[in-house]
2 protein chains.
Amino acid sequence: MAFLLSQVGAHAARRFAERVSAIGLSAPEAGLMGQIAAAPGISQQALAEHVCILPSRIVALIDGLQAKSLVERRASSEDRRSYALHLTERGRQMLGDMWRIAAEHEEGLCAALSRAERAQLAELCRRIADQQGLTPGVHPGFKQL
Amino acid sequence: MAFLLSQVGAHAARRFAERVSAIGLSAPEAGLMGQIAAAPGISQQALAEHVCILPSRIVALIDGLQAKSLVERRASSEDRRSYALHLTERGRQMLGDMWRIAAEHEEGLCAALSRAERAQLAELCRRIADQQGLTPGVHPGFKQL
DNA sequence: TATTGTTATACTCTATAACTATA
DNA sequence: TATAGTTATAGAGTATAACAATA
């Protein structure tokens with residue numbers, strides 16, 4: 001059963017990655033944009049700690065998002081060492097597309113289940129996630145150790 | 001919800017990998033040993049196709065398992081190009097340990113759920129897996145394209 | 001002295017193509 | 001000519017350490 005969960009989960013992640021690649025995003029990029037939207041002005045270090053990615057990887061990911069004009073690094077007012085990360089207008093539009101794609105993905109993935117069954121599945125997964133200490137909204141795919 | 005599934009699934013995979021590493025196996029190695037046990041004498045090509053790993057990666061994985069004396073490559077009687085893969089006696093013992101670890105893992109992962117709820121979760125996941133065309137026992141973690 | 005962002009580096013995983021020996 | 005196994009190689013992803021600017 002643990003295998004089954006892992007199997008379905010990996011399949012879901014893979015299909016989502018395929019879908020968002022259509023708008024030029026990788027899954028980690030999409031996840032990071034969601035986190036920045038949820039905490040505008042966050043620093044790279046704080047973001048790295050929150051999603052458990054190494055700071056060196058954050059740099060590369062933000063570089064990519066900045067090159068696509070989806071995220072901007074603003075100078076922080078308090079600490080001249082750090083940046084305040086924000087989505088650009090284009091980034092916000094892209095995030096909207098991303099959520100539309102996520103909804104389609106969800107619909108496709110759960111096609112075999114009724115609404116009631118989907119709610120039931122969500123509740124069981126949520127109970128496991130809570131008990132296992134998973135941070136809501138943070139994918140363990142990025143996690144060292 | 002798709003995200004939740006992927007999150008819990010990735011967590012499950014990660015914890016399993018940590019657990020089997022205690023007996024010196026990686027998760028792909030453990031999976032491959034299970035497949036060989038289920039189809040003794042299978043060739044590397046057939047194995048590669050079945051689990052959707054590239055033949056070149058199979059070579060490296062089987063090299064590793066052979067170096068640990070868990071798998072042996074016997075000469076095929078029909079086709080001198082191909083090998084027939086078998087678990088060694090030590091490999092069978094190791095697979096037993098692996099199943100014990102998998103059972104512990106399952107118990108730990110589902111600690112938040114009652115027996116009835118686990119069965120319910122398994123059934124819902126199985127329905128998704130069937131409808132999505134996932135091969136039972138084959139993890140999409142190894143899958144190109 | 002410690003911290004933020006960054007670069008350099010290494011190791012694994014994954015993917016492609018080319019080679020060899022058989023068929 | 002096609003196939004099984006193999007090798008070489010290149011590209012991601014991930015981890016470590018070290019560096020410059022600032023605190």
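Residue numbering restarts at 1 for every chain, and letters A, B, ... go by the order of the sequence lines.
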Could you go through residues 39-50 of chain B and list every donor-acceptor pair under 3.5 Å that involves a side-chain atom there, pairing it with any protein atom two or more places apart or in another chain?
residue: B:S43; atom: OG; partner: B:A46; partner atom: N; Å: 3.1
residue: B:Q44; atom: OE1; partner: B:R73; partner atom: NH1; Å: 2.5
residue: B:H50; atom: ND1; partner: B:Q35; partner atom: OE1; Å: 3.3

So which protein nitrogen or oxygen atoms get under 3.5 Å of nucleotides 7-13 of chain D's nitrogens or oxygens?
none

Tell me: [atom1] of [X] to [atom2] of [N], nearest whole Å?
X	N	atom1	atom2	answer
B:L54	C:dT16	CG	P	7 Å
B:I62	D:dG5	CD1	P	10 Å
A:I53	D:dT16	CD1	C1'	17 Å
B:E29	C:dC13	CD	C1'	13 Å

Could I get the full list of salt bridge (Lys or Arg N to Asp or Glu O under 4.0 Å) partners for [X], not counting sequence neighbours?
X	value
A:D130	none
A:R80	none
B:E89	B:R92
B:R90	none

Qualifying residues under side chain to side chain donor-acceptor pair (under 3.5 Å), relative to A:R126, sequence neighbours excluded: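 Per chain and number, A:R126 pairs via side chain to side chain donor-acceptor pair (under 3.5 Å) with no residue.
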Contact list for residues 9-38 of chain B, test ring-ring contact (aromatic ring centres under 6.0 Å, His included), sequence neighbours left out: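 Residue pairs with at least one partner in residues 9-38 of chain B: B:F16-B:H105.
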Qualifying ring-ring contact (aromatic ring centres under 6.0 Å, His included) pairs with a residue from residues 72-99 of chain B, counting only residues at least two apart or across chains: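 Pairs touching residues 72-99 of chain B that pass the test: none.
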Flag, side chain of B:T88 to backbone of B:S69, donor-acceptor distance under 3.5 Å: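 Here the side-chain-to-backbone pair exists.
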DNA chain D contacts made by residues 37-48 of chain A, counting heavy atoms under 4.0 Å: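 DNA chain D contact set from residues 37-48 of chain A: none.
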Table of protein N/O atoms under 3.5 Å from nucleotides 21-23 of chain D N/O atoms:
residue: D:dA23; atom: OP1; partner: A:R80; partner atom: N; Å: 2.9
residue: D:dA23; atom: OP2; partner: A:R80; partner atom: NH2; Å: 3.4

ring-ring contact (aromatic ring centres under 6.0 Å, His included) involving A:F3 - partner list, sequence neighbours excluded: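 A:F3 satisfies ring-ring contact (aromatic ring centres under 6.0 Å, His included) with B:H139 once adjacent residues are dropped.
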